[in-house]
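Before any comments, here is the structure.
Keep in mind that what you see is a predicted model, and the values were worked out from it rather than measured. The sequence lines fix the lettering, A, B, ..., with proteins before strands; numbering per chain opens at 1.
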There are 2 protein chains.
Amino acid sequence: MLQEESQKRDIQNCPLTYAMNVIGGKWRLPIIWALWKNDTLRYNELKRRIDGITNMMLSQVLKEMEITGLIVRKQYLEIPPRVEYSLTQEGKDLVPSLEALARWGKHMQNR
Amino acid sequence: MLQEESQKRDIQNCPLTYAMNVIGGKWRLPIIWALWKNDTLRYNELKRRIDGITNMMLSQVLKEMEITGLIVRKQYLEIPPRVEYSLTQEGKDLVPSLEALARWGKHMQNR
DNA sequence: TCCTTTACTCAGTTTTACCTGACTTAGTAG
DNA sequence: CTACTAAGTCAGGTAAAACTGAGTAAAGGA
């Protein structure tokens with residue numbers, strides 16, 4: 001009983017559930033992946049690399065990822081505008097875990 | 001150009017996207033977690049441990065996880081029925097990656 | 001003068017995920 | 001003869017995630 005209660009609390013603000021929420025969704029991993037491979041990308045460069053994403057989704061997801069601290073947005077006050085995105089240190093720290101997950105996924109795919 | 005094409009293909013059947021799909025959704029991690037902590041659980045034991053899940057979702061998600069090879073379902077032909085669920089070896093193999101992700105999540109939560 | 005570029009924003013709609021509450025089957029206990 | 005247990009199933013409904021297609025500003029080029 002006491003143990004079950006603590007399990008329920010775990011699920012509430014479980015760090016794993018938290019992690020899954022910040023990297024979940026259709027577009028976040030592709031963005032992380034593109035920024036990992038290219039270090040810094042402008043808005044339209046990201047858009048060209050991520051097949052099928054709309055302006056709406058890209059700008060929304062970038063904003064959310066900036067708030068959660070995965071990416072940094074650097075704006076240059078030029079005309080035409082220039083905005084560069086890159087991973088924060090925390091965003092980069094995430095990559096080894098993702099690679100481990102990817103290895104597992106690959107193993108599952110050709111089982 | 002050639003490189004961008006290969007990036008797009010990566011995203012299509014990317015092992016990481018695959019992994020995220022099989023462990024994503026609201027209930028899969030709680031189920032994996034409960035079976036990791038308890039080794040083997042019956043349907044109603046799982047249901048009691050996973051706060052708020054409905055029969056509909058539990059049976060649906062268990063069926064999907066059995067198909068993807070995360071869990072095994074063992075049925076005993078008794079009355080009243082008895083069905084036991086546990087992680088497959090692949091399901092257990094996943095846990096270290098999840099723990100790494102969880103450590104990252106914890107770090108992010110109290111930053 | 002009109003078109004192009006960059007980095008977005010927005011109203012409205014579709015698609016997907018998830019939930020609600022009732023029902024089933026077969027045997028045992030009261 | 002009614003209630004209870006286990007392990008589900010099912011039709012229908014809501015909520016959340018994603019998409020559609022258009023529009024914005026400000027400067028430079030043809």
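In this structure, CD1 of A/Ile50 is placed 16 Å from C1' of D/dC19, rounded to the nearest angstrom. The nearest whole Å value for the distance from the CG atom in A/Leu62 to the P atom in C/dT6 is 16 Å. Counting to the nearest Å, the P atom of D/dA18 and the CG atom of A/Leu29 are 12 Å from each other. Between B/Asp51 atom CG and C/dC19 atom P the separation is 12 Å, expressed in whole Å. Separating the CG atom of B/Leu46 from the P atom of D/dG8 is a distance of 10 Å, rounded to the nearest angstrom. With rounding to whole Å, B/Met57 atom CE is found 16 Å from C/dT16 atom P. Following rounding to the nearest Å, B/Arg48 (CZ) and D/dG8 (C1') show an atom-to-atom distance of 15 Å. Note: CH2 (A/Trp27) to P (D/dA18) measures 9 Å, nearest angstrom.
Between A/Arg28 and A/Glu64 there is a salt bridge, since at least one side-chain N of the basic residue sits less than 4.0 Å from a carboxylate O of the acidic one.
Residues A/Leu70 and A/Leu35 form no side-chain contact, since every pair of their non-hydrogen atoms from C-beta on lies 4.5 Å or further apart. A/Tyr85 is not listed as a side-chain neighbour of A/Leu41, based on a closest heavy-atom distance of 4.5 Å or more. Side-chain contact between B/Arg73 and B/Gln75: present, with at least one pair of heavy atoms (C-beta onward) separated by less than 4.5 Å.
Less than 4.0 Å separates DNA chain D from at least one heavy atom of each of the following residues of residues 69-86 of chain A: A/Ile79.
B/Thr88 places no side-chain N or O within donor-acceptor distance of the main-chain N or O of B/Val72, the cut-off being under 3.5 Å. When atom types are taken as modelled, the side chain of B/Trp104 and the backbone of A/Glu90 share a donor-acceptor pair closer than 3.5 angstrom.
Contact between the side-chain N/O atoms of A/Arg42 and the OP1/OP2 oxygens of C/dA7 is found at a separation under 4.0 Å.
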Task: Steps toward salt bridge (charged side-chain N to carboxylate O under 4.0 Å, His left out) verdict (A/Glu84, A/Arg82) - done: CA-CA 7 Å; A/Glu84 291 181 348; A/Arg82 181 153 67 105; 3.0 Å; yes
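In this structure, OG on A/Ser97 lies 11.0 Å from CD on B/Glu99, to the nearest 0.5 angstrom.
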Report all interatomic pairs (protein N or O, nucleotide N or O of nucleotides 9-11 of chain D) with separations under 3.5 Å.
unit_1: D/dT9; atom_1: OP1; unit_2: B/Lys63; atom_2: NZ; d: 3.0
unit_1: D/dT9; atom_1: OP2; unit_2: B/Ser59; atom_2: OG; d: 3.3
unit_1: D/dT9; atom_1: OP2; unit_2: B/Lys63; atom_2: NZ; d: 3.3

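In this structure, B/Lys26 reaches the sugar-phosphate backbone alone: every heavy-atom distance under 4.0 Å involves primed, P, OP1 or OP2 atoms, never a base.
Under the rule for a side-chain hydrogen bond (donor to acceptor under 3.5 Å, both in side chains), the partners of B/Asn55 that lie at least two apart in sequence or sit in another chain are B/Tyr43.
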